[in-house]
Number of protein chains: 2
Amino acid sequence: MKISSTIEWAIHCCSLLAGLPPEVNLTGKDLAEYHGVPHPYLAKALQTLSSDGILMTVSGPRGGYKLAKKPSKVSLLDIVLSIEGSDSCFDCDEIRQKGPGALERSASYKKPCLIASAMWKAEKVWRDELDKVKLSDLLEKVKTEVDPRQLKKGADWIAQRTQSKK
Amino acid sequence: MKISSTIEWAIHCCSLLAGLPPEVNLTGKDLAEYHGVPHPYLAKALQTLSSDGILMTVSGPRGGYKLAKKPSKVSLLDIVLSIEGSDSCFDCDEIRQKGPGALERSASYKKPCLIASAMWKAEKVWRDELDKVKLSDLLEKVKTEVDPRQLKKGADWIAQRTQSKK
DNA sequence: CCAATTGCAGATAAATTTTATCCATGATAG
DNA sequence: CTATCATGGATAAAATTTATCTGCAATTGG
């Protein structure tokens with residue numbers, strides 16, 4: 001029941017991009033370097049985000065990634081589902097239909113398994129909670145909660161990166 | 001982000017045991033057979049549940065497992081955490097402290113990462129939801145929602161199992 | 001048009017986790 | 001004292017996650 005670290009990287013990348021001016025983009029390599037994670041693997045995640053319409057790509061020299069929507073239109077759930085896929089995390093194997101207690105005709109099982117229902121309900125509240133949090137909410141909090149020196153350092157590094165390529 | 005099928009088995013086993021009279025116990029083999037799952041592997045889960053105080057074991061001939069607490073005192077969360085461990089499903093790797101935007105002294109990072117906080121909050125509502133559902137709630141619903149023929153068939157099989165060993 | 005940069009898709013491989021099995025041991029009812 | 005049953009440890013197979021590489025397509029700037 002572990003959430004893969006790719007999710008963590010993907011959210012960090014998206015929220016970084018959300019804070020940049022709309023004309024700026026960063027390459028996959030920049031994003032990997034910025035976060036200290038392996039580039040080729042992160043690239044996979046970025047490609048997925050882009051094919052799901054969360055990121056936009058600009059190819060060619062001075063290309064890279066930028067956010068495809070307004071930060072207020074992208075929730076953490078969007079990112080999580082893009083990377084992990086939207087399948088439920090609980091698979092009901094219908095084991096109630098398997099043992100000696102089971103009835104022959106599976107048509108007898110109209111209502112979903114009670115246990116599965118409970119697990120799915122819990123997953124729903126989890127997803128709803130993640131859907132409430134938009135990238136714009138994170139940006140807002142960053143302004144008030146994150147050390148300004150850190151913000152400056154990050155911004156400088158990005159500025160230098162985008163400048164030096166001109 | 002998949003929930004292992006062991007969880008599903010464990011919950012089914014516990015809710016089956018919850019419906020039996022207090023003096024009755026079922027062996028690991030019975031439980032495996034009843035649910036149509038591999039015995040040696042299920043045994044591991046039953047052992048874990050028992051070492052976590054959710055199940056009681058009776059060793060020796062005519063031994064087996066029974067519920068260690070009243071059904072109203074065991075929640076789905078108890079079972080899930082017993083099997084999966086209680087670690088959070090989201091690991092914060094503190095990647096904000098890794099890239100070129102990071103500050104040198106990690107003491108500067110007093111508040112938890114905003115992204116991790118959001119993920120943990122979502123996990124909390126998930127857990128709270130699962131903790132609301134007790135085995136007694138499932139039993140209650142089983143009475144009204146499950147086909148009586150199925151209940152009878154299961155009960156008969158169990159009765160035959162527990163009888164034939166006398 | 002050319003050359004360099006960048007994302008894309010697919011194949012592949014290493015590492016880790018999940019799933020599964022087996023066996024020796026200890027407890028206990030009959 | 002014997003058959004039954006849980007326990008704990010070791011082991012192995014299977015699946016998934018993590019990671020890398022390579023050739024290709026698109027695009028920009030010269």
Side-chain angles (χ1 to χ4, degrees), chain A residues 1-10 13 17 23-33 35-66 68 83-85 87 89-91 93 95 161-162 164-166, chain B residues 1-10 13 17 23-33 35-66 68 83-85 87 89-91 93 95 161-162 164-166:
Chain A
M1 214 186 37
K2 279 289 164 195
I3 289 178
S4 86
S5 50
T6 317
I7 297 274
E8 187 183 3
W9 305 348
C13 287
L17 290 170
E23 73 280 6
V24 176
N25 57 54
L26 289 176
T27 68
K29 212 173 159 191
D30 287 343
L31 285 166
E33 204 172 324
H35 294 109
V37 302
H39 168 230
Y41 189 40
L42 177 65
K44 286 290 176 202
L46 296 172
Q47 283 166 29
T48 305
L49 290 168
S50 130
S51 79
D52 285 336
I54 294 171
L55 296 183
M56 262 192 57
T57 70
V58 182
S59 64
R62 296 190 51 65
Y65 296 94
K66 60 171 83 173
I83 302 292
E84 296 259 304
D87 287 354
C89 66
F90 182 81
D91 265 348
D93 264 346
I95 70 178
R161 267 309 158 103
T162 51
S164 69
K165 286 175 199 154
K166 278 198 178 143
Chain B
M1 215 187 34
K2 279 288 165 197
I3 290 178
S4 86
S5 50
T6 317
I7 298 275
E8 186 182 4
W9 305 348
C13 288
L17 290 170
E23 73 278 6
V24 176
N25 58 54
L26 289 176
T27 68
K29 212 172 158 191
D30 286 343
L31 285 166
E33 204 171 325
H35 293 109
V37 303
H39 168 230
Y41 189 40
L42 177 65
K44 288 292 177 201
L46 296 172
Q47 283 166 31
T48 305
L49 289 168
S50 133
S51 79
D52 285 337
I54 293 171
L55 297 183
M56 265 192 56
T57 71
V58 182
S59 64
R62 297 191 50 65
Y65 296 94
K66 61 172 80 172
I83 301 293
E84 296 257 307
D87 287 354
C89 66
F90 182 81
D91 265 348
D93 264 347
I95 71 179
R161 268 308 159 103
T162 50
S164 68
K165 287 176 200 153
K166 277 200 178 138

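Lettering of chains follows the sequences in order, A, B, ..., and the numbering in each one begins at 1.
- Atom CG of B/D30 sits about 8.5 Å away from atom OG1 of B/T162, to the nearest 0.5 Å.
- When side chains are defined from C-beta on, A/P38 counts as touching A/W9, because their heavy atoms get closer than 4.5 Å.
- Atom-to-atom, CG of A/L26 to C1' of C/dG7 comes out at 14 Å; the value is rounded to the nearest Å.
- Remark: B/T57 is in phosphate contact with D/dT7, judged by side-chain N or O atoms under 4.0 Å from OP1 or OP2.
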Next item on the list: Produce a footprint string for nucleotides 25-30 of chain C: one letter per nucleotide, 5' end first; B if the base is under 4.0 Å from any protein heavy atom, S if only the sugar-phosphate is, - if neither.
Entry: --BBBS
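- One atom, CG of A/D91, and another, P of C/dT19, lie 11 Å apart when rounded to the nearest Å.
- Taking the side chain as every heavy atom from C-beta outward, A/R161 and A/T27 never approach each other to under 4.5 Å.
- To the nearest angstrom, P of D/dC5 lies 15 Å from NZ of B/K66.
- Atom CG of B/L46 is separated from atom P of C/dT21 by 15 Å (rounded to the nearest Å).
- The number of heavy-atom neighbours closer than 6.0 Å to NZ of B/K29, taken from other residues, nucleotides and ligands shown, is 12 or below.
- The shortest non-hydrogen separation linking A/L49 to A/A10 is CD1-CB, 3.9 Å.
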Next item on the list: Could you go through the side chain to side chain contact (heavy atoms under 4.5 Å, CB included) check for B/M1 and B/C89 one step at a time?
Entry: CA-CA 8 Å; B/M1 215 187 34; B/C89 66; 5.9 Å; no
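- Rounded to whole Å, atom P of D/dT4 lies 13 Å from atom CG of B/D30.
- Note that the CD1 atom of B/I3 and the CD atom of B/E8 stand 10.0 Å from one another [nearest 0.5 Å].
- What you find for A/G53 and A/A68 is that their closest heavy atoms are O-CB, 3.4 Å.
- Note: CD (B/Q47) to C1' (D/dG9) measures 10 Å, nearest angstrom.
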Between the protein and nucleotides 13-19 of chain D, are there any N/O to N/O pairs under 3.5 Å, and if so, what are the atom names and distances?
unit_1: D/dT18; atom_1: OP2; unit_2: A/S4; atom_2: OG; d: 3.3

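- Distance NE2 (A/H39) to C1' (D/dT22): 14 Å, rounded to an integer number of Å.
- The separation between B/L31 atom CG and D/dC5 atom P is 12 Å, rounded to whole Å.
- Shortest non-hydrogen contact noted between A/L42 and A/L31 is CD2-C, 3.9 Å.
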